[in-house]
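Taking it in order: structure first as structure tokens, then the write-up.
Numbering of ligands and ligand atoms starts at 1, following listing order.
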Amino acid sequence: MLIKCLILLSAAILLTASKIPEPGERLGDELTIVKNAAATSDTTSILVQLRELMNSVQVGNSTGIVAYIVPSTDAHQSEYLSRHDERRAFVTGFDGSAGTAVVTTNAALLWTDSRYHLQAEQQLDDNWELMKQGLSGVPSIGVWLAQNLTAGSFVGVDPRLMSFREWQTIETQLISAGIKLVPVEENLVDKVWGNEQPAQNANPIDTLKLQVAGKTIARKWEDVRQQMKQKSVDALVVSALDEIAWLLNLRGSDIEFNPVFFSYMIVTEDKLQLFVDLVKIPADFDKHQLRNNVTVTLSSYEKISLEIRKIVLKKKSNIWIAPTSSYYLTALIPESRRLQAVTPVNLLKAIKNPVEAQGFVNSHIRDGVALCQYFAWLENQLKLGREVDEISGAKKLEYFRGSKENYVRPSFETISASGPHASLAHYNPSNDTKRRITDKEIYLCDSGAQYLDGTTDVTRTLHFGEPTDFEKEAYTRVLKGQLSLGSAVFPALVKGQVLDTLARKALWDVGLDYGHGTGHGVGHYLNVHEGPMAVGPGYVADDPGLQANMFISNEPGFYQDDDFGIRIEDIVQIVPAQTAYNFTNRGALTFRTVTMCPKQTKMIKKELLSEAEVKLLNSYHQLVWDTLAPVLVGQKDLFTLSWLKKEVKAI
Ligand SMILES: *[C@@H]1O[C@H](CO)[C@@H](O)[C@H](O)[C@H]1NC(C)=O
Ligand SMILES: *[C@@H]1O[C@H](CO)[C@@H](O)[C@H](O)[C@H]1NC(C)=O
Ligand SMILES: *[C@@H]1O[C@H](CO)[C@@H](O)[C@H](O)[C@H]1NC(C)=O
Ligand SMILES: *[C@@H]1O[C@H](CO)[C@@H](O)[C@H](O)[C@H]1NC(C)=O
Ligand SMILES: *[C@@H]1O[C@H](CO)[C@@H](O)[C@H](O)[C@H]1NC(C)=O
Ligand SMILES: [Mn+2]
């Protein structure tokens with residue numbers, strides 16, 4: 001499975017108006033419909049069966065839906081999926097991480113963004129039309145359905161697999177054409193998939209120590225209750241898996257790379273109710289509850305809808321649910337009783353407590369040591385003429401990380417990309433595509449790890465030989481943008497969108513740009529992409545404004561098709577800034593970089609940097625040296641130490 005890795009995006013983005021451009025996304029030519037005879041799968045029989053089932057769906061008094069939407073998400077609107085939930089990949093044969101399929105009585109279409117156009121062209125068989133989302137002239141799903149279906153017909157979707165917000169967008173587009181979007185409760189793809197569908201994961205849950213979590217469940221619950229009181233709601237429904245894991249100081253492994261477990265929660269004044277497959281509950285759960293001064297009421301996973309119905313009947317006041325929760329859960333609550341807003345759990349989780357913040361800093365030091373060990377090793381291998389490819393390189397990096405304290409697993413699939421592969425913002429090497437890493441072309445490495453005390457996500461771009469003048473110019477302009485954003489001072493609570501241009505200006509000056517966002521939140525030993533804030537050119541509906549102790553990425557880039565790509569990514573902590581004035585008491589904020597790894601100075605055209613930028617870079621490198629050198633000395637790794645000394649040399 002290909003994993004996206006740059007920017008916070010849910011599958012929702014595909015369908016909503018408030019869309020963040022994704023990595024590699026471009027505005028471009030006309031709609032292209034691609035057919036492919038040499039596809040990797042044959043979906044004919046799947047489509048025949050699916051259409052039969054569509055014909056037999058009961059909608060009120062009539063029978064049959066004329067179109068069925070297959071989103072690529074799960075019942076929790078997760079970005080990364082378990083194999084059980086990869087329904088769109090099963091139906092289409094296209095296994096990229098983003099895309100939505102629509103099957104009508106006589107057509108089958110796949111919408112995906114420019115990161116995946118090439119891959120989709122290769123994987124889709126003749127039954128499918130590729131809708132190159134993002135290109136001008138390509139209609140959105142709702143618009144296409146409204147144009148191509150007849151009035152009075154029904155479009156179906158599994159209501160668990162579509163957020164309320166996406167549902168509303170499509171529903172509105174269809175209503176104008178006299179078409180109705182209807183929930184089809186039984187998943188038609190699952191019926192076709194049958195026994196071949198992988199079982200849902202039910203891996204054991206782990207408890208998180210308080211020395212790592214920094215706050216008891218009881219105290220987190222108290223914070224949530226306060227916000228519930230302010231908004232006069234009786235109950236809060238939580239369906240996002242990372243929110244549940246954070247609130248309960250628990251972690252799981254039901255989804256690769258994301259330490260979460262399938263579950264729902266309902267929070268009220270006097271009850272914390274967790275809906276989960278009870279076999280996952282760890283043996284030390286009673287102790288965990290004692291340490292956290294709390295009792296969690298356990299119910300089975302499926303009971304969530306029954307319990308929401310009960311609360312609706314029993315209580316009079318409002319129920320809080322995020323607009324990103326499923327249409328299915330949302331529709332259980334009468335419209336007049338809903339508070340639809342980002343949950344208080346999501347907001348509290350984004351602002352790291354002092355223990356979480358320290359964990360971020362500590363884990364980034366260990367991660368930085370591993371990165372330096374990898375790049376030093378790699379440079380030496382190439383010097384010795386040894387063969388290293390994109391996959392064996394990524395494995396070596398994982399080996400170095402694996403030797404570090406608190407290491408758990410990678411936080412996403414490593415983007416280890418040499419030469420033209422680096423121009424594909426989300427390239428993951430495979431046995432078929434892997435390229436040798438050489439001193440003749442640029443090497444881009446975007447990787448990260450889960451540690452018990454933090455999550456990392458870092459990109460460095462290096463050239464082990466002689467970069468071209470244009471490669472150096474592009475690198476320098478990307479670096480200028482990163483330094484500009486990283487040193488920005490801004491009033492508290494400005495939305496991330498406001499800062500995005502700072503990271504692009506040096507590229508824009510000469511007519512260059514990049515097609516993805518600039519920053520996403522990062523979870524604390526949780527998902528590598530988390531909201532609700534983001535830095536990007538698009539409007540982010542749920543952005544609460546930037547606040548101290550949020551941790552986000554700072555990752556501008558530049559991509560030259562079929563040639564090379566550049567991205568430099570750090571994780572930054574939002575901290576108070578020292579300013580002469582204080583934005584009339586709104587408060588001044590800035591960033592502190594926690595990623596510890598040199599940026600290759602060989603790639604820099606110094607004449608393009610201002611004096612202030614040279615100073616910023618040199619002092620960052622001094623900090624990296626001061627932080628990592630003692631660790632390397634302690635580990636007697638003098639080989640990496642001498643590499644580091646060379647890389648941090650002031651320019
Ligand atoms: C369904 O059919 C019944 C009986 O024929 C009729 O009373 C009812 O209004 C119909 N409902 C809808 C939604 O068409
Ligand atoms: C959908 O409608 C558009 C615009 O009318 C048309 O060009 C296209 O051929 C239609 N596609 C299908 C599959 O009917
Ligand atoms: C545990 O919770 C109770 C009631 O909420 C509170 O009074 C008590 O101080 C808490 N104890 C600890 C150790 O946090
Ligand atoms: C790729 O090749 C390696 C070494 O030959 C092998 O161990 C691995 O299983 C292969 N991976 C896949 C996905 O085929
Ligand atoms: C600036 O404003 C913030 C927010 O009101 C406040 O917390 C902080 O103490 C102020 N700082 C100074 C130096 O006045
Ligand atoms: Mn990132």
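- For the pair Arg87 and Asp85, the salt-bridge criterion is met [side-chain N within less than 4.0 Å of a carboxylate O].
- Distance check on atom 14 (O) of ligand 5: some protein heavy atom falls below the 4.0 Å cut-off.
- Atom 11 (N) of ligand 4 has Asn431 ND2, 2.7 Å as its closest protein atom, hydrogens excluded (heavy atom only).
- Atom 9 (O) of ligand 2 is never approached by the protein to below 4.0 angstrom, counting heavy atoms only.
- Atom numbering of ligand 5 starts at 1 in the shown order; those under 4.0 Å from a heavy atom of Arg586 are 4 (C).
- Atoms of ligand 2 found under 4.0 Å from any heavy atom of Asn148 (numbered from 1 in listed order, with element): 1 (C), 2 (O), 3 (C), 8 (C), 10 (C), 11 (N), 12 (C), 14 (O).
- Within the 4.0 Å cut-off (strictly below), a protein heavy atom is located near atom 2 (O) of ligand 4.
- A salt bridge links Glu530 with Lys352: the distance from a Lys NZ or Arg NE/NH1/NH2 to an Asp or Glu carboxylate oxygen falls below 4.0 Å.
- Checking atom 5 (O) of ligand 5 against the protein gives a heavy-atom contact under 4.0 Å.
- Ring-plane geometry between Phe591 and Phe490 is classed as tilted, the angle between the planes lying from 30 to 60 degrees on a 0 to 90 degree scale.
- Contacts between Asn582 and ligand 5, counted as non-hydrogen atom pairs separated by less than 4.0 Å, involve the side chain only.
- At distances below 3.5 Å, at least one donor-acceptor pair connects side-chain atoms of Arg51 with backbone N or O atoms of Thr104.
- Electrostatic pairing of Lys132 and Glu121 counts as a salt bridge here, judged by a charged N lying under 4.0 Å from a carboxylate O.
- When ring centroids are compared, Phe464 and Phe375 stay outside the 6.0 Å threshold.
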